[in-house]
There are 2 protein chains.
Amino acid sequence: MSQNITVLDVAREAGVSASTVSRYLTGVTSVSKIKQEAIARAIELLDFTPNVLAQSLKSGSTKTIGIVTQALESPFFGEELKGVEQAIAGTGYALLIVSGHWQAREEKDHAELLIARRVDGIIIFTSTASDKQIQSLSRQVPMVVTGRRMDMPRAVGLAVDNEQAAFEATQYLLEQGHRRIAHISGRVGQPDTEARLQGYKRALKTAGIKPDAKLIAGGDFSEAGGMLAINQLLEARGSFTAIFAANDQSALGARLGLYRRGIRVPEDLSLIGFDDLLLANYMLPPLTTIRQPTFELGKLAGQTLLNMLAGKTETVVQPQFELVVRESVRRA
Amino acid sequence: MSQNITVLDVAREAGVSASTVSRYLTGVTSVSKIKQEAIARAIELLDFTPNVLAQSLKSGSTKTIGIVTQALESPFFGEELKGVEQAIAGTGYALLIVSGHWQAREEKDHAELLIARRVDGIIIFTSTASDKQIQSLSRQVPMVVTGRRMDMPRAVGLAVDNEQAAFEATQYLLEQGHRRIAHISGRVGQPDTEARLQGYKRALKTAGIKPDAKLIAGGDFSEAGGMLAINQLLEARGSFTAIFAANDQSALGARLGLYRRGIRVPEDLSLIGFDDLLLANYMLPPLTTIRQPTFELGKLAGQTLLNMLAGKTETVVQPQFELVVRESVRRA
DNA sequence: TTGAAAGCGTTACCAG
DNA sequence: CTGGTAACGCTTTCAA
């Protein structure tokens with residue numbers, strides 16, 4: 001119960017002044033060997049830990065990074081979180097984490113809560129806010145958002161090229177001979193949802209195929225949404241031989257829907273996802289998907305923010321996607 | 001860039017003293033209508049936000065709860081996290097989250113980091129520490145741990161009855177006519193791993209069956225571990241008709257291993273899991289499992305800690321498990 | 001190299 | 001109901 005041991009206590013114990021203890025702690029000025037040892041002993045003896053609050057109050061920096069995720073339980077954001085964690089490991093920073101629950105309003109309120117708590121910077125995973133709103137927030141604190149691209153002094157956005165990735169996913173299906181390709185889209189209103197939809201359409205058009213509204217079902221990046229979407233698609237009776245799902249979770253939901261109807265993957269229908277969650281490896285059959293380097297994305301976000309905080313203005317590196325071929329797609 | 005507006009600035013603007021502004025803010029004593037309005041106007045005008053750091057320094061409370069999870073990306077701990085989040089919603093508390101990565105040493109270091117940051121309480125998910133170590137930490141700050149049971153004034157442990165749950169899972173398999181039942185165990189050294197193993201053995205013994213070491217494979221609660229374990233089990237050639245996996249993630253890994261060998265579930269082999277992750281619903285076939293109310297567990301942990309912090313000593317409620325029958329088990 | 005003193009922004013006590 | 005003052009625990013001038 002080492003409560004409220006202060007530098008003053010240590011100073012008394014060591015027979016020096018509080019200032020000297022502070023100097024010993026910060027290491028900013030040199031302290032004589034003798035006193036160093038005395039202080040070290042006193043600290044040991046009293047089991048002293050500096051009060052971070054007082055330090056922060058003085059310095060103005062809390063050594064804390066705020067994170068706004070959209071779902072604490074999401075495997076996708078979880079990986080991203082892990083990436084940030086790795087980026088800040090050993091830097092003395094800690095993570096204050098809140099969830100926006102995909103609600104723009106809640107996201108904003110929680111970001112402001114983080115600011116009120118004086119975090120040094122904020123990372124928002126797949127922000128639901130507009131670029132303008134993010135810029136506005138960034139006047140108060142440096143920001144990094146993922147899921148879209150952006151590059152300003154105090155607000156950077158990190159994302160794979162969603163449009164191009166979706167284009168290549170669809171193109172892969174096309175190359176395998178599929179002509180009737182359905183799409184389960186992401187959460188409406190999100191920039192990445194829109195970009196993936198556009199990429200899908202562009203690939204189709206490039207192949208001389210007119211996108212068919214009956215082959216596009218609205219999902220929301222969740223398993224349940226994927227299942228709903230596949231049912232919709234199947235009931236609309238626009239025949240198709242392949243599906244491009246906006247993310248792996250949707251694909252998983254769709255997979256169950258197909259299983260329920262006895263439709264085999266990939267024998268009867270090919271399926272491609274997006275993200276490459278750990279889960280994709282364990283689907284039956286393992287899912288062919290567009291790999292988003294989720295962990296690295298989080299790590300990059302953390303490093304980028306750290307750079308901003310350190311005043312370094314390195315050029316922003318954007319993460320790259322990659323097609324991962326497994327077993328859920330077959331030639332038409 | 002509303003930087004460093006203080007109560008003093010507000011006081012000046014409103015023509016009152018800093019104390020009065022403070023009183024207005026805390027609402028602890030009444031302030032005259034006139035001044036209230038003046039202060040409100042000044043706050044609005046200056047866009048003032050009280051500095052939480054200074055408040056915390058003064059009050060000694062940071063209104064922050066520290067969480068030690070074992071894996072930020074885990075769907076299980078993610079649900080638990082979400083539960084805690086819900087429990088603290090609207091209370092003004094925030095979450096400082098760190099990971100112990102299943103390493104006792106790291107867990108301890110990170111818990112101490114949280115203490116150094118003056119969190120008001122700590123929740124550890126599935127702690128790798130001994131009861132004694134947890135009690136020791138709890139001298140510095142109230143603690144709640146999940147994954148085991150414990151009930152002391154400043155340290156409570158919340159968990160389903162793992163032994164009994166495993167007993168009932170195994171018994172269910174027995175009731176379905178299975179006699180040769182394999183077990184994929186959890187991470188070695190964890191109390192819940194041990195409890196589940198014991199429950200499994202007890203059910204077997206109760207049915208007059210001698211536990212067979214060849215039918216027990218070591219996992220680690222991960223998908224990869226489950227896959228490794230099933231391979232081991234299959235290669236040991238101790239024939240069996242059912243598997244009880246220590247958690248759903250292991251079950252998922254095992255499922256892929258079985259798929260690779262063309263072993264059908266449940267036609268050739270029955271499979272039962274533990275946890276009831278969202279994922280269990282989406283496995284092929286949907287997984288029969290022991291439901292741990294993970295979200296509620298987190299919520300309960302949050303509420304329990306909140307009670308402790310408020311000085312309330314309500315009796316600790318322990319979470320209950322439940323068998324969820326889906327489609328991965330069939331009569332032998 | 002060291003100590004004294006001021007200050008970070010807030011709140012609580014004490015007079016009035 | 002209100003203002004002044006001290007104090008939370010630390011760091012950083014400023015002198016010595």
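Small disclaimer: the values here were computed from a predicted structure and weren't measured. A note on names: the letters A, B, ... follow the listed sequences, proteins ahead of strands, and every chain is numbered from 1.
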Does S56(A) reach the main-chain N or O of V52(A) with its side chain, forming a donor-acceptor pair under 3.5 Å? yes
Please work out if T26(A) contacts a base, only the sugar-phosphate, or nothing of the nucleic acid, heavy-atom cut-off 4.0 Å. sugar-phosphate
Minimum-distance nucleotide to P50(B) side chain [options: dC8(D), dT10(C), dG3(C)]: dT10(C)
Applying salt bridge (Lys or Arg N to Asp or Glu O under 4.0 Å) to K63(A) and not counting sequence neighbours gives none
Does any pair with a residue in residues 295-307 of chain B pass salt bridge (charged side-chain N to carboxylate O under 4.0 Å, His left out), and if so which ones, sequence neighbours excluded? R291(B)-E296(B)
Any residue meeting salt bridge (Lys or Arg N to Asp or Glu O under 4.0 Å) with E106(B), in chain and number order, not counting sequence neighbours: none
Check: T91(A) side chain, A89(A) main-chain N or O, donor-acceptor pair, under 3.5 Å: no
Can you name the residues that form a salt bridge (Lys or Arg N to Asp or Glu O under 4.0 Å) with R149(B), not counting sequence neighbours? none
Determine whether a donor-acceptor pair (N or O, by modelled atom type, separation under 3.5 Å) exists between the side chain of H110(B) and the backbone of S99(B). yes
Would the distance check show the side chain of T26(A) and the main-chain N or O of S22(A) forming a donor-acceptor pair, the cut-off being under 3.5 Å? yes
Quick one: side chain to side chain donor-acceptor pair (under 3.5 Å) partners of E107(A), sequence neighbours excluded? Q70(A), S127(A), T128(A)
Select base, sugar-phosphate, or nothing to describe what F48(A) touches, counting heavy atoms under 4.0 Å on all strands. sugar-phosphate
N/O (side chain, Q55(A)) to phosphate O (OP1/OP2, dT11(D)) under 4.0 Å: yes
R12(B) has an atom CZ; how far is it from atom P of dG4(D), in whole Å? 12 Å
Terminal helix-axis angle for the helix from dT1(C)-dA16(D) to dG16(C)-dC1(D), with five pairs defining each axis and rounding to 10 degrees: 40°
Would you list the pairs meeting salt bridge (charged side-chain N to carboxylate O under 4.0 Å, His left out) in which at least one residue belongs to residues 22-44 of chain A, sequence neighbours left out? none
With sequence neighbours left out, the residues meeting salt bridge (Lys or Arg N to Asp or Glu O under 4.0 Å) with D131(A) are R148(A)
May I ask you to decide if S130(A)'s main-chain N or O and Q133(A)'s side chain share a donor-acceptor pair within less than 3.5 Å? yes
Set out, line by line, the N/O atom pairs under 3.5 Å between protein and nucleotides 5-7 of chain C.
from	atom 1	to	atom 2	distance (Å)
dG7(C)	N2	K58(A)	NZ	3.1

Rounded to whole Å, CG of L8(A) lies from P of dC10(D) at a distance of 9 Å
Does a side-chain N or O from S17(A) land closer than 4.0 Å to OP1 or OP2 of dG3(C), or not? yes
Under 4.0 Å between a side-chain N/O of S22(B) and OP1 or OP2 of dT11(C), yes or no? yes
Specify whether F125(B) and F77(B) have parallel, tilted or perpendicular ring planes, treating 30° as the upper limit for parallel and 60° as the lower limit for perpendicular. parallel
Does a nitrogen or oxygen in the side chain of N4(B) sit under 4.0 Å from OP1 or OP2 of dG9(C)? yes
Between protein and nucleotides 14-16 of chain C, what N or O pairs are separated by less than 3.5 Å?
none

Salt bridge (charged side-chain N to carboxylate O under 4.0 Å, His left out): pairs with one or both residues in residues 78-103 of chain A, sequence neighbours excluded: K82(A)-E73(B)
For residues 30-42 of chain B, which residues have at least one heavy atom under 4.0 Å from DNA chain D? S30(B), V31(B), S32(B), K35(B)
